[in-house]
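The structure appears right after this line, and notes come after that.
So you know, we letter chains A, B, ... as the sequences are listed, proteins then strands, and number each from 1.
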Number of protein chains: 2
Amino acid sequence: MNVLDSAVKLLQENEIRPSLTRIHILAYLLTNPVHPTVEQIYQALLPQIPTLSKTTVYNTLDLFLAKKLVKPVGVEYKEKHYDANTQNHGHFFCRVCEKIFDFDTHYIETETPELKGFQIEAKNVYYSGVCLDCRHKNKHKEDKNEKFEGNQDC
Amino acid sequence: MNVLDSAVKLLQENEIRPSLTRIHILAYLLTNPVHPTVEQIYQALLPQIPTLSKTTVYNTLDLFLAKKLVKPVGVEYKEKHYDANTQNHGHFFCRVCEKIFDFDTHYIETETPELKGFQIEAKNVYYSGVCLDCRHKNKHKEDKNEKFEGNQDC
DNA sequence: TACAATATTGTAATCATTACAAATAAAGAG
DNA sequence: CTCTTTATTTGTAATGATTACAATATTGTA
Ligand SMILES: [Mn+2]
Ligand SMILES: [Mn+2]
Ligand SMILES: [Zn+2]
Ligand SMILES: [Zn+2]
């Protein structure tokens, strides 16, 4: 079964009418698990859907959020990012390449005594810093005597 | 020693010249650990500093962030919130009263194998939902047959 | 086909934040 | 205490992501 079909299925399971636009937006999110922004989704789909409006992308993502098909990524850097992976997991934001990485947070299922009796509806864990790739690239620059801002501790 | 004095001391320790405005903004953050926004700080200090400009509050907070005197609160709800408590801790955002609660996250000092070799500069944990008070207030409404949106699971 | 409900679109408004240049205040030299 | 330089503060305008809203197009149903 291809992605378009799984998108249709997912939409129907969640009682969303599978319009062309919705199918494509969801399929894009499923095949590009890079936590895209509205702008990214819009630009990526424009060739296929030339009449697409950015408002529709906003509307559709709001709908998906309401139906819990996608989750917002808790990385507060300019635009909002969206994630079709609705499992609880953490995100690492690299401030150099601006990529967003996933990591597991199962260990986080620990007690939070201060929140006893609170109704916890969403958990959000994000770290930020410099990813491995960007550190390596920077090391080369350092060899050439360029300096690196930022430190190891947190 | 009063708050103004500790603010001055803190500024000097961090090589920030202790101007009146800076002292007041820092003192406000120290005495009001409610994670205020620029707008809140501005409105609160306006009576004491009638010439205060909102731009100055923005500038000052940027300076404090750069010097690591304050941290941004990773709650992405409209405006940015600031925290003079720079220890690592988590935040709970209540979507009803919009208050932000602190909780301890020492347990989170766990391995994240996916991030091996990454330079982690900031850790951010926030949960959201409904706080204890708001749940209680709502229970009263429920008794009067008003319904409550949202559920217990996360 | 005709009608009603739903989905999409384009434009304008909102609003927090940033850019920037002018005005003010403080520091330092003589 | 002046003059000069530097740092701070201020007001206004620009930016940019998001939202509001009304018009248009599409779809489902009879
Ligand atoms: Mn993810
Ligand atoms: Mn806090
Ligand atoms: Zn990177
Ligand atoms: Zn509450």
Tell me which donor-acceptor pairs under 3.5 Å the side chains of residues 45-59 of chain A have, and how far apart each pair is, sequence neighbours excluded?
residue  : atom : partner  : partner atom : Å
Ser53(A) : OG   : Thr55(A) : N            : 3.1
Lys54(A) : NZ   : Glu39(A) : OE1          : 2.5
Asn59(A) : ND2  : Thr55(A) : O            : 3.4

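Side chain of His81(A) to main chain of His35(A): a donor-acceptor pair is present (N/O by atom type, distance under 3.5 Å, no hydrogens or angles). Glu114(A) contributes no side-chain N or O that, together with a main-chain N or O of Asp102(B), makes up a donor-acceptor pair within less than 3.5 Å. For Thr37(A) (side chain) and Gln40(A) (main-chain N/O), a donor-acceptor pair under 3.5 Å exists by modelled atom type. Side-chain atoms of Arg135(B) come within 3.5 Å of backbone N or O of Gly117(A) as a donor-acceptor pair. Put simply, the side chain of Ser19(B) gets close to the backbone of Arg22(B): a donor and an acceptor are under 3.5 Å apart. At distances below 3.5 Å, at least one donor-acceptor pair connects side-chain atoms of Asp83(B) with backbone N or O atoms of Asn85(B). Side chain of Lys71(B) to backbone of Thr86(B): a donor-acceptor contact under 3.5 angstrom is found.
Between Tyr127(A) and Phe93(A), the distance separating the two ring centers is not shorter than 6.0 angstrom.
When the side chains of ILVMFWY residues are joined at heavy-atom separations under 4.5 Å, either directly or via intervening members, Ile25(B) and Tyr42(B) end up in a single hydrophobic cluster.
For DNA chain D, the outermost nucleotides in 5' to 3' order that have an atom under 4.0 Å from a heavy atom of chain B are dA7(D) to dT12(D).
Annotation: the terminal axes of the helix from dT1(C)-dA30(D) to dG30(C)-dC1(D) meet at 20°, where each axis is the rotation carrying the C1' atoms of four end pairs onto the next four (5 pairs per end, rounded to 10°).
For the pair Gly90(B) and Thr105(B), the tightest heavy-atom approach, listed with the atom from each and the gap, is N-CG2, 3.5 Å.
Legend: salt bridge (charged side-chain N to carboxylate O under 4.0 Å, His left out) pairs involving residues 8-17 of chain A, not counting sequence neighbours, sorted by first then second residue: Lys9(A)-Glu13(A).
Using a 4.0 Å cutoff on non-hydrogen atoms, no part of residues 2-13 of chain A comes near DNA chain D. Residues from residues 21-60 of chain A lying near DNA chain C, meaning a heavy-atom separation below 4.0 Å, are Thr21(A), Arg22(A), Thr51(A), Leu52(A), Ser53(A), Thr55(A), Thr56(A), Asn59(A) in numerical order.
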